[in-house]
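Keep in mind that the numbers below use all heavy atoms, side chains included, and drop hydrogens, waters and symmetry copies.
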Amino acid sequence: MRKLVVFELGEGDFESGFPIRLQIGEEGKNPSVEIRGKLPPNPDIIKHYEIWNSAYCNLEMLYRLSSKNKGKATRGSFLKDCNHAANILRNSLNIWLNSDALRLIREKFIQKVSSEDEMRVLIQTMDVRLQRFPWHLWNLFESYPKAEVAVISPFYECVGKRPTKSRVRILAILGNSTGINTQADAALLKQQLPDAEILFLSEPQRQELTEKLWDDKGWDILFFAGHSSSQLDGESGWIHINQTDTLTIAELKQSLKKAVENGLKLAIFNSCDGLGLARSLVDLCIPQMIVMRQPVPDKVAQTFLKYFLEAFYRGESLYSAVKEARGKLEGLEDEFPCATWLPVIYQNSPEAPPTWKDWQEKSKDWISERRHRLKLYAVALTSLAVTACVVGVRSLGMFQPTELKAFDQMLQWRPEEGLDERLLIVKATEEDFQQLNQDPLHDETLAKILKKIEAHKPIAIGIDLYRDLPQGKGQEQLLKIFKESASLIAICKRPDENDRGFGPPPANLPQESLGFNDVPNEFILRRQLLSMDLKAQNTCPTPYSLSFQLATRYLEAKKYSIKLTKQNQWQIGSVVFKRLLPHSGGYQKFHAGGYQILLNYRLPIELAESMTITDILKGRVHPEIIKNRIVLIGADTEGRDRHFTPFTGGKGFSQDIPGVLIHAQMVSQILSAVEDGRPLLSVWSLWGDALWILAWALVGGLLAWRCQLLLHLIIGNSVALIILGGVCFNFLLIGAVWIPFVPSSVALVVTSTSLMTAAFRAKQ
C-alpha cells in the first residue's frame, strides 16, 4: 500500500519551539489520521547545524588544494572535523525529534504505517533552516525501507492536467563548467535515457535559453548542470549559464511559466546549493524538483545522477529512485563526507509524482505507432549482415555453452524406446562389496563370475574393471581365463599428457582382447570414441574402444562386414559412422582427436536388463538372458567411475551414472544403427547451418517489415521462436539431426529489433 505522510511544522523558532501536525493517509485520498503536537525549544540544534555547515563548507577548500599542498594531516583534519560535526548534528536532531513532547505523534505513526508500505514523507515548512536539516536521518524511518523524505512548502498550488507527449522531452542546460565536467552529465543523460528527446544547451546566451523554454512542444524535464548558489537566507538562488552571465529564477519567470504551461513536470538542478532555487520556483507550480542542499563535489553530483537515472528509467517512482541513488552515495563518504545528505526532493504539490512511463502517452504506444519505411532490400541486407556476425561469433565457440544446454533439453524431451535385449549389465554394487568383504573384487572372485557367465555362451563379455595389479588370490587363474576365452574384452586406459590417470591392461593380453576406456574430455558426456591412433610404447596397446570392440565382436558373429571407407570412415554393413570434425554443429571448440561420433542416448538410461555379481555367484540367473548377448561387468557405486550426461538434473534422472552404463549406451548405439536402422546423431555442414540461420534472420526481418506495432512484433517473434524450437526438436526426434536453435533465435531477434530501431529513428 502506498502512503502519504505529512509532518507540517507551523510558525515558530528554536527558542520557543514549533507547532507540528501529523497527517497520514493513502496516496491520492484525504488523510485518515491527524494528530497535533509541538516540537520543544532547542536553540542548540541550530548551533550544531551551523558548526556542521561551516565544517562542510571548509571541505571545498580541501578539494581545491593542489596535490603539492595537500598533506595527509591537513586532509585528515578537514574530514575529521566534518564527520565529528555531522555526528553531533545527527544525534542532536534525533534527541530533539524523539523528545517526550512528540511521543504521541511517533506512536500514531508507528501504529498506522506498516514497514511494508511504500511511503512519501513530506516535511512541510517555510523555515529554510528546517528545510536544510537531513530529515532522512531521523531514526523513526529506519524500520521503513520504502520511505523517502521530501520538503514541501505550505503555500503550494495543485497543478492541472499537463499535456502528454509521444516521447519524454528534456531541456538540458550545461552552464558554466569552470572547474567541473558538465559533459559527464550530458553523457549520462544520453546513456541512461535512450528513449528521451534531449536538447543540450552548452553555456547558452540568455536569449537562446529563453527561446528554448518557450518551445511550443513543451518539456517534461528541465535539467541544469553547472555552477549555482543560494542566498544566505535561502530565499532565492541563481545559476551561472555561461562564463559571464548569472541569472536568478525571477529573471526567467515568464519563460519558466510558459514551460510549466506546456507540460514541465520536473526540474533537476544537479549543482551546488540549490535550495534557494527550489524556493524561488514555488510560485511557478513546477510539481517536483530535485536539488542539492549544500555545495556538491563534481563526482558526487555525477554519481547521484547516474544511479537516479538508472532507477527512474527502470520504472521506480521518483521518490524510490532518489532514495536508491542517495543510498548508493554512501560509498563515497570516505572521500566526500555527508554525500548522502545532499540530494533532496522539493515538492510543490502533495500529489504523487509520475513514473517515467506515466510521462509517455498513455493511450498509445509511441514506438508501436510509427509505421516503418523499410525496403525489402534493407531487410535482405540486414539479415545477411546479422547472419554473418552470428556465424562468425558461433565459430569462436561463444554460443557453444547455450547450444549444448538447448541440445540437452531436447534430448530429455524424447520418449523412451524400450530395453535393448542384446545386452546384459552385471553390476558390482556397494552391497556386493560389503557382502564379499572385497573392494576391489579379488581375482579369484572375478574368475568365478566369468566362468559362470561363459557357461551360458554370451557372444562377448566386456569387463569395465581394471586388472593391472593382482587383487587377492587367483591372479594366475584369472589370466588363464583372459587368454583362453575368445569372448572376453578387458579394459585399459591411456595416460594423459602428464602420464597420469592411466590404467594398464592385464599382462600379455593380445590386442584383440583389449578395449580402451577413454572417453572425450568434457564435463557432460555427449560424444563417443570409436578408435584412436595407436602410439608407440603405449601402456594401452589397442586402437579401439571397449564399446567398439564389443559391438564389432557381436556384429561379426552376425556376419556383418566391417571396414574403413576411402574417406577413412568406419562402415559396418550399410551404415557409415560419420566422424565428428572440428566446427560441427553446436561443437565449435572441442578436442577432435580420435574417431569421435555424437552419442545418441537411448531412454531409459538403464537401457538393458541388469543383475548383480551376487546374483551371478549364487546362480540366480536364467541362461536365456545371457546366451548370445553382450555382457558388461562394471561397478555401480557412488563416487566410482561416474559420469554426467545430458539428462543430469532433468526430471526423473539422477545426478550421474556409472561408467558401465555409458559403455552400454555406446554399444547399443552401434548395434541399433546397424541392425535396427536407428539413426545416428548428425549435423549439417557449415553452409547448411549458415543458410538455416539466414532463413530465420529473414523471418525476423520480414516480421519487422510487416508489423506496424511493437506489440505485434513481440508476439510475432515469440510465435516464430516457438515454431523454430518445435522444428529443431522434431528434426532431432525424427531424423536425429542437430540443427542450430540458439544461433537462429539470436539472428531472428537481432534482425527484427535492429530493423524496428532503424525504422523508428528514421521517423524522428
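Inspection of the Thr614 and Arg620 side chains reveals no N or O donor paired with an N or O acceptor under 3.5 Å. Gln471 and His442 are not linked by any side-chain donor-acceptor pair at a separation below 3.5 angstrom, with hydrogens and angles left out of the test. If you check the side chains of Tyr595 and Asn568, you find no donor sitting under 3.5 Å from an acceptor.
Taking CG of Leu419 as the reference point, atom CZ of Arg602 lies at 8.0 Å (rounded to 0.5 Å). The CG atom of Leu514 lies 8.5 Å from the CD atom of Glu512; values are rounded to the nearest 0.5 Å. Atoms CE and OG1, on Met532 and Thr542 in that order, are 9.0 Å from each other to the nearest 0.5 Å. Separation of atoms OG1 (Thr382) and CG (Leu698) is listed at 10.0 Å; rounding is to 0.5 Å. Here the CD1-CG distance, from Ile449 to Leu465, works out to 8.5 Å after rounding to the nearest 0.5 Å. Annotation: the span from Arg394 atom CZ to Ser744 atom OG amounts to 7.5 Å, rounded to 0.5 Å.
Using a 4.0 Å cut-off between charged nitrogen and carboxylate oxygen, Lys448 and Asp443 do not count as a salt-bridge pair. Between Arg527 and Glu522, at least one side-chain nitrogen of the basic residue sits less than 4.0 Å from a carboxylate oxygen of the acidic one, meeting the salt-bridge criterion. We find that Asp676 and Arg422 are joined by a salt bridge, their nearest charged nitrogen and carboxylate oxygen being less than 4.0 Å apart. Comment: Arg526 engages Asp408 in a salt bridge, judged by a side-chain N to carboxylate O separation of less than 4.0 angstrom.
Residues Ile597 and Lys578 form no side-chain contact, since every pair of their non-hydrogen atoms from C-beta on lies 4.5 Å or further apart. Here the side chains of Ile453 and Leu424 are not in contact, with every heavy-atom distance at 4.5 Å or above. Two residues are said to be in side-chain contact when any heavy atoms from C-beta on lie closer than 4.5 Å; Ile657 and Phe647 fail this criterion.
Using modelled atom types, one side-chain atom of Gln400 and one backbone atom of Lys589 make a donor-acceptor pair closer than 3.5 Å. Side-chain N or O atoms of Gln588 include none that pairs as donor or acceptor with a backbone N or O of Met398 at under 3.5 Å. A distance-only check finds a donor-acceptor pair linking the side chain of Thr565 to the backbone of Gln569 [under 3.5 Å]. Proximity of a side-chain donor or acceptor of Gln669 to a complementary backbone N or O of Asn600 within less than 3.5 Å is detected. A donor-acceptor pair under 3.5 Å is absent between the side-chain atoms of Trp738 and the main chain of Leu681, judged by distance alone. Distance alone, capped at 3.5 Å, is enough to place a donor-acceptor pair between the Ser752 side chain and the Val749 backbone. Put simply, the side chain of Arg706 never gets that close to the backbone of Leu713: no donor and acceptor are under 3.5 Å apart. Although no hydrogens or angles enter the test, the distance criterion places no donor-acceptor pair under 3.5 Å between the side chain of Gln528 and the main chain of Gln665. Remark: the backbone N or O of Gly573 is paired with a side-chain donor or acceptor of Gln571 at under 3.5 angstrom. Side chain of Ser668 to backbone of Ala664: no donor-acceptor contact under 3.5 angstrom is found.
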Inset, instruction - Apply side chain to side chain contact (heavy atoms under 4.5 Å, CB included) to Ile562 and Glu556, showing your working. - result: CA-CA 8 Å; Ile562 302 169; Glu556 283 173 342; 3.5 Å; yes
Legend entry - Val699 and Leu724: CA distance, side-chain angles, deciding distance, side chain to side chain contact (heavy atoms under 4.5 Å, CB included) verdict: CA-CA 10 Å; Val699 170; Leu724 171 60; over 6 Å; no
Inset, instruction - Check step by step if side chain to side chain contact (heavy atoms under 4.5 Å, CB included) holds for Met666 and Val519. - result: CA-CA 11 Å; Met666 293 175 174; Val519 294; 4.2 Å; yes
Inset, instruction - Could you go through the side chain to side chain contact (heavy atoms under 4.5 Å, CB included) check for Leu748 and Asn717 one step at a time? - result: CA-CA 8 Å; Leu748 186 151; Asn717 278 349; 3.3 Å; yes
Legend entry - Working for salt bridge (charged side-chain N to carboxylate O under 4.0 Å, His left out), residues Asp439 and Arg640: CA-CA 12 Å; Asp439 188 5; Arg640 191 196 311 247; 3.0 Å; yes
Inset, instruction - Show the numbers, then the answer: is there a side chain to side chain donor-acceptor pair (under 3.5 Å) between Thr612 and Glu431? - result: CA-CA 9 Å; Thr612 67; Glu431 291 78 9; over 6 Å; no
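Crowding of Asp615 atom CG: a count of heavy atoms from other residues, nucleotides or ligands under 6.0 Å exceeding 12. Around the CD atom of Glu421, the shell of radius 6.0 Å holds no more than 12 heavy atoms that belong to other residues, nucleotides or ligands.
Closest heavy-atom contact between Ala747 and Ile693: CB-CG2, 3.7 Å. Residues Val379 and Leu702 approach most closely at CG1-N, 3.9 Å, considering heavy atoms. Nearest heavy-atom pair, Leu661 versus Glu606, reported as atom, atom and distance to 0.1 Å: CD1-OE2, 3.7 Å. Listed here is the closest heavy atom pair of Ala378 and Leu755: O-CD2, 4.1 Å. Contact record, Asn628 with Tyr554: O-CE1, 3.5 Å, taken as the closest heavy-atom pair. Considering every non-hydrogen atom in both Ala720 and Leu703, the closest pair reads CB-CD1, 4.2 Å.
Ring orientation note: the planes of Tyr587 and Phe590 are tilted relative to one another, at an angle of 30° to 60°. The aromatic rings of Trp570 and Phe548 sit tilted relative to each other, their planes meeting at an angle between 30° and 60°.
Residues meeting the side-chain hydrogen bond (donor to acceptor under 3.5 Å, both in side chains) test with Ser545, sequence neighbours left out: Ser547.
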